[in-house]
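Below is one structure, written out as structure tokens; comments come after it.
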Amino acid sequence: MPELPEVETTLRGITPHIVGQTVLELVLRTAKLRWPLDPHLRDILPGQKILSVERRAKYLLVHCDQGTLIIHLGMSGVLRVISADMTEQKHDHVDMIFTNGQALRFTDPRRFGMFIYTSEDPKKHKCLVNLGPEPLANDFTAKYLYQTSRLKKQAVKTFIMDQKNVVGVGNIYANEALFQAGIDPARSAGRIGLKRYEKLVVSIKTILKKAIVAGGTTISDFRQSDGRPGYFDQQLLVYGRDGEKCPNCDNSIKSTRLGQRSTYYCPHCQR
DNA sequence: ACGCTCTCCTGGCCGC
DNA sequence: TGCGGCCAGGAGAGCG
């Protein structure tokens, strides 16, 4: 679920509450998320102080004295700072309790999320080492996308959702960005010219920035870390709108599937 | 190397 | 109201 704006929203929500705090105890209630939760976290983390939190792609890196937690929200994960005595509910898998009486709680119904610890450089972890550029950074340019996509036959939507090429763009924002750029999501990435990639890069950056301001998109279960939903769903122009009228013309929005993912587009406006 | 499927898991919704 | 089938913000693994 969470794409870059939702992860960024989470980062901004939790950071001021946990940086500087010292871990008192780790409560693990579920053995397995995407990968097994390491029971040694109960021994390793207590006593460590949270130094900083950063986002890389859709991963959150919680830097502690002696190592780093790598957290991914998967499709349905939520991180919240709560009072440590708040009763746990179904799907609350991890509580990281601090000495100040608060806790960072990880909730994830579908359990595609990830909550691991490394004492090595987290950027060298196999999940992070092959990631492409950050879409909001200066090195994410039309020239880069154009060069990277030469000879690629895969659909441009699949191409921009591949984290090797650019990170953070998930299914919702891929649909929206391609609509805004007027590009047919099924078109081969290698057959799109530099000019059109210029439009696409602008669309991706604009949409992600707007979504961050809105606190992300809540389709069903995403919550900002204070429990409020994200409000960007009110600005979605094509996602989930098949059969509705295109905002730009009189034709209706169609849906199809690309790479096993629902795809929404206007056949008239997107070429 | 590339690109396509399958897979992990729970819950909500729709149709019968 | 109950049940089966299908769908959902991701992405690693395995295959041809």
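A quick note: this is a predicted structure, and the numbers were derived from the prediction, not measured. The sequence lines fix the lettering, A, B, ..., with proteins before strands; numbering per chain opens at 1.
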Legend entry - Name of the residue among A:Lys123, A:His63, A:Glu54, A:Glu120 meeting side-chain hydrogen bond (donor to acceptor under 3.5 Å, both in side chains) with A:Thr68: A:His63
Inset, instruction - Round to a whole Å and report the spacing from CG of A:Asn130 to P of B:dA1. - result: 11 Å
Legend entry - Given C:dG12, B:dG11, B:dT10, the nucleotide with the shortest approach to the side chain of A:Arg111: B:dT10
Inset, instruction - Using whole Å, report how far CG of A:Asn165 lies from C1' of B:dA1. - result: 13 Å
Inset, instruction - Mind calculating the distance between CG (A:Leu131) and C1' (C:dA11) to the nearest angstrom? - result: 11 Å
Legend entry - Between B:dC4 (C1') and A:Gln154 (CD): distance, integer Å: 10 Å
Inset, instruction - Using a cut-off of strictly less than 4.0 Å, decide whether A:Arg261 has a side-chain nitrogen or oxygen near OP1 or OP2 of C:dG10. - result: yes
Legend entry - Length of the CG-P vector between A:Leu258 and B:dC4, whole Å: 9 Å
Inset, instruction - With heavy atoms under 4.0 Å as the rule, sort A:Tyr239 into base, sugar-phosphate or nothing. - result: sugar-phosphate
Inset, instruction - For side-chain hydrogen bond (donor to acceptor under 3.5 Å, both in side chains), just list the numbers for A:Thr256 and A:Tyr265, CA-CA rounded to whole Å, side-chain angles, deciding distance to a tenth of an Å, and then say yes or no. - result: CA-CA 8 Å; A:Thr256 181; A:Tyr265 67 107; 5.6 Å; no
Inset, instruction - Could you check whether A:Phe112 and the base of C:dG10 form a stacked pair, meaning centres closer than 5.5 Å and planes differing by less than 30°? - result: yes
Legend entry - Nearest-angstrom distance from the residue atom CG of A:Asp92 to P of B:dT10: 15 Å
Legend entry - Between P of C:dC6 and CE of A:Met75, the distance in whole Å: 17 Å
Inset, instruction - Provide the Watson-Crick or G-U wobble partner of B:dC8, both distances under 3.5 Å; none if there is no partner. - result: C:dG10
Inset, instruction - Starting from P on B:dC4, measure out to NZ on A:Lys164 and report it in whole angstrom. - result: 12 Å
Legend entry - Distance-only donor-acceptor test, A:Arg110 side-chain atoms vs B:dC9 base atoms, 3.5 Å: yes
Inset, instruction - Check whether any side-chain nitrogen or oxygen of A:Lys153 sits under 4.0 Å from OP1 or OP2 of B:dG3, and answer yes or no. - result: no
Inset, instruction - Scan A:Phe232 against the nucleic acid and name what it touches under 4.0 Å (heavy atoms): base, sugar-phosphate only, or nothing. - result: nothing
